[in-house]
Amino acid sequence: MWSIKGRLSTRLMNICVASLCKAKQLEKAEVVIVDGIRIGVQPDVVTYNTLITAYCRFVGIDAGYSILYRMKEAGIYPDTITYNSLIAGATRYCMLSRCFDLLEEMLEMSILPDIWSYNTLMHCFFKLRKPDEAYRVFQDILLKDISVHPATFNILINGLCMNGYTENALMLFRSIKRHGFIPQLATYNILIHGLCKSGRGKTAREFLNELVESGHIPNAITYTTVMKCCFRCRQFEEGLKIFAEMRRKGYTYDAFAYCTVASMLLKTGKMNEANEYLGYIITNGFDLDIVSFNTIVNLYCKEGQLDIAYKMLHEAEKKGLESDKYTHTIFIDGLCRTGNFKEAQQHLDYMSMMGFDSNLVALNSFINGLCKAGHLDHALRMFESMDAKDSITYSTMVHSLCNARRFRAASKLLLSCIRGGMRILKSDKRGVIDGLRGSGYSQEARKVQSKIRLAKILHD
DNA sequence: CTAGGGTTAG
C-alpha cells in the first residue's frame, strides 16, 4: 500500500519538477525534490532526466553531467533518455566529440541508442555545417532498420535548407509525401522558413497554401516566418498586416513577433516606430531573452545612445542572460558609428578571446565604420589581416576606395574578390571601371572588364 | 523529451 502511494507521489513530483524546469525555475525544482525526499518520496530516473535536460539548456553541459553523477550516487541507473538528454545538451553547444563519447558510454553500459539519439547526432552534424556526415547518419538509421520519427524528417529538411541544399530538401519533402508520410505543421514551417531564407518567397507561398489546404492551422511560428519573408521581399504593408492578424489571434504572447517588426523598422530607418514596439515589450512585462535585449540594444546603438545601450546590457546580465556574438556585433557597429574605435576594438578582442565561432560580421562592421570615418588605411590594414573574407568585406572596401578615388587599389581588390568566386554589387563594379577610365587607366579598366566577363561565363 | 520562428555588417 505504502509503495503504491510512494510511486504515485513520485509521478506527482515529476509533473511538478517538469513544469518548474520548463519555466527555468531550477532552484524551485530542487526544493520540490528535497522536500519530497524529506517526506519519503524518492526521485526516479524521470526526475533526473528532466533535471538533466533543464540544466543542459539553462546552465551548461557540465551542469548536466553533474546531475548524471548525482543520480548514479543515488543508485538510479541512467537510461536511453538520460543519455539522449545529454547528447542534446552537447549538440546545443556544438560539441560533437562529446556526442560520440556519450554514445560510446551508452554502448558500454548496454543502453541502446534509439531514434532520438541518432536524430540529435544528425542535428549536431548539421549545426556544424557537415551535411554529408549528417546524411550518413540518416542512411545509418535506415540501414539499422530503426523506425524513423516524423522529427527525423524535420531535422533533415531543416539541416539541408540551412546548409544551402534547399533543392534537396524540397525533393526529400516531395518524396516522403509520395511514400505516404503526412507532413506535420512543423514540417511545413521548417520548409517555408528554409525557402524564405534562400530567397524563394514564391515557393514558400505555395507551401503556405498547401499547409492550409492539408488541414493544418498556422501557428505563431508560421506567422512569424511568413512575416519575416514579407519584410525580406520589401513587402512591408503585407508583413504588418500579418502582424496585425497575429495580434488579433492572440499569437503575440511573447517578444518574437515584436522583435521581427522592430528590426525591420530599424533597418528602414523608422526609429520612432521601432521605439514604440520595443517600448511596448519592455513596459508590458514580456519575458525578455538575450535576442530581445539585442534588438533593444540595437535600437539605442543605432540612435547613438550608447550609454542607454550599456544600461540595457547590464539589465540583461542582471537577469542572468549572457551576451552573445550578436550583442557584441551590435555594440561594435554602434561604437564605430560614434567614432569610438578603441572600445569597438575591445569588443572584437573579447569576441576572439571568448572563441565566438565567427566574427566575420563584426569585422565587416568594424571595417565599414573605419571607412565611413575616413580611416581607409586602418581599414586596409584590418582587411589584410583577416583570414576569412566574404563579398561584404570586399564590397565595403571597394566602395570606399572608389569614394576616395583610389581606383587602382579598388580594382586590385575587385579582382581578388572575383577570383574568390564572390559576387559584388554591379554599381561597385561600374564604379571601379568608370573610375579607372576617368583617371587615365583605360587599359586597366579594359582588363577588369574582361575579367568580370570571364567570371560571368565561368559562373553561369 | 530532445527538432521549427525573432537579433549583427555593405
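Remember, it's a predicted structure, so these values are computed and weren't measured experimentally.
- Using a 4.0 Å heavy-atom criterion, one finds that Lys228(A) contacts the sugar-phosphate atoms exclusively.
- Comparing dT8(B), dA9(B), dT2(B) against the side chain of Ile330(A) picks out dT8(B) as the nearest.
- Note: OH (Tyr93(A)) to P (dT2(B)) measures 15 Å, nearest angstrom.
- Candidate nucleotides dA9(B), dT7(B), dG4(B) were compared by shortest atom distance to the side chain of Thr295(A), and dT7(B) ranks first.
- Within 4.0 Å (heavy atoms only), Thr91(A) reaches no atom of the nucleic acid at all.
- Taking 4.0 angstrom as the limit, Lys302(A) places none of its side-chain polar atoms (N or O) nearer than this to OP1 or OP2 of dT7(B).
- In this structure, NZ of Lys267(A) is placed 10 Å from C1' of dA9(B), rounded to the nearest angstrom.
- Look at Asn84(A) and you won't find any side-chain N or O under 4.0 angstrom from OP1 or OP2 of dT2(B).
- Between the P atom of dT2(B) and the CE atom of Met106(A) lies a distance of 17 Å, rounded to the nearest Å.
- Of the candidate nucleotides dG5(B), dA3(B), dG6(B), dG5(B) has the atom lying nearest to any side-chain atom of Asp254(A).
- Salt bridge annotation for Asp44(A)-Arg11(A): absent, with no cationic side-chain nitrogen under 4.0 angstrom from a carboxylate oxygen.
- By the neighbour-count criterion of 12 heavy atoms within 6.0 Å, atom CZ of Arg406(A) is densely surrounded, having more than that number from other residues, nucleotides or ligands.
- Across all strands, Lys22(A) comes closer than 4.0 Å to no nucleic acid atom at all (heavy-atom distances).
- Under the stacking criterion of a centre-to-centre distance below 5.5 angstrom and an interplanar angle below 30°, Tyr326(A) is not stacked against the six-membered ring of dT8(B).
- Each of dT2(B), dG10(B), dG6(B) was ranked by its minimum atom distance to the side chain of His193(A); first place goes to dG6(B).
- Under the salt bridge (charged side-chain N to carboxylate O under 4.0 Å, His left out) criterion, no residue pair touches residues 266-275 of chain A, with sequence neighbours excluded.
- Using a distance-only test at 3.5 Å, with no hydrogens or angles considered, no donor-acceptor pair links the side chain of Ser263(A) to the main chain of Thr260(A).
- Taking atom CD1 of residue Ile157(A) and atom P of nucleotide dA3(B), one finds them 17 Å apart after rounding to whole Å.
- Residue Asp289(A) is classed as a base contact, given a heavy-atom separation below 4.0 Å to a base.
- A side-chain N or O of Asn49(A) and one of Asp79(A) form a donor-acceptor pair less than 3.5 Å apart.
- The side chain of Phe256(A) lies closest to dG6(B), out of dA3(B), dG6(B), dG10(B).
- Note on ring orientation: taking the six-membered ring where Trp is involved, the planes of Phe173(A) and Tyr188(A) are perpendicular (angle over 60°, cut-offs 30° and 60°).
- Protein atom OH of Tyr258(A) is 18 Å distant from nucleotide atom C1' of dT7(B), rounded to whole Å.
- Among the heavy atoms of the strands, none lies under 4.0 Å from His399(A).
- Spacing between atom CD1 of Ile15(A) and atom P of dC1(B) amounts to 11 Å, rounded to whole angstrom units.
- Lys197(A) comes within 4.0 angstrom of nothing in the nucleic acid, heavy atoms only.
- Between the NZ atom of Lys127(A) and the P atom of dT2(B) there is a distance of 14 Å, given to the nearest Å.
- Side-chain atoms of Thr260(A) and base atoms of dG6(B) include no donor and acceptor less than 3.5 Å apart.
- Using a cutoff of 4.0 Å between basic side-chain nitrogens and carboxylate oxygens, Arg136(A) and Asp140(A) are not scored as salt-bridged.
- Among dG4(B), dG10(B), dT2(B), the nucleotide with an atom closest to any side-chain atom of Ile190(A) is dG4(B).
- Annotation: side chain of Lys177(A) is not in contact with side chain of Arg174(A) (no heavy-atom distance under 4.5 Å).
- Taking only side-chain nitrogens and oxygens, Thr50(A) comes nearer than 4.0 Å to OP1 or OP2 of dC1(B).
- Base engagement by Asn154(A) is indicated by at least one non-hydrogen atom pair under 4.0 Å involving a base atom.
- For dA3(B), neither phosphate oxygen OP1 nor OP2 lies less than 4.0 angstrom from any side-chain nitrogen or oxygen of Asn158(A).
- The side chain of Val291(A) has dG6(B) as its nearest neighbour among dG6(B), dC1(B), dT8(B).
- Within the nucleic acid shown, Thr329(A) comes within 4.0 Å of at least one base atom, counting heavy atoms only.
- The side chain of Thr225(A) has dG5(B) as its nearest neighbour among dG6(B), dG5(B), dA3(B).
- Using a 4.0 Å heavy-atom cutoff across all strands shown, Asn49(A) reaches no nucleic acid atom at all.
- Residue contacts shown for Ser85(A) are absent, as no nucleic acid heavy atom lies under 4.0 Å away.
- Ala220(A) comes within 4.0 angstrom of a nucleotide base, judged by non-hydrogen atoms across all strands.
- Taking side-chain N and O atoms only, His123(A) has a distance below 4.0 Å to OP1 or OP2 of dG4(B).
- Contact annotation for Ser365(A): backbone-only contact, meaning every heavy-atom pair under 4.0 Å involves sugar-phosphate atoms and none involves a base.
- For the pair Asn189(A) CG and dG6(B) P, the interatomic distance rounds to 11 Å; values are reported in whole Å.
- Ion pairing between a basic and an acidic side chain is recognised when a charged N comes within 4.0 Å of a carboxylate O; Arg98(A) and Asp62(A) show such pairing.
- Listed by chain and residue number, Glu167(A) satisfy the salt bridge (Lys or Arg N to Asp or Glu O under 4.0 Å) test with Arg200(A) (two or more places apart in sequence, or in another chain).
- DNA chain B lies under 4.0 Å from no heavy atom of any residue of residues 128-138 of chain A.
- With dA3(B), dG5(B), dG10(B) as the choices, the nucleotide that has an atom nearest any side-chain atom of Ser395(A) turns out to be dG10(B).
- Side-chain atoms of Arg92(A) lie closest to dA3(B) of the nucleotides dT8(B), dT7(B), dA3(B).
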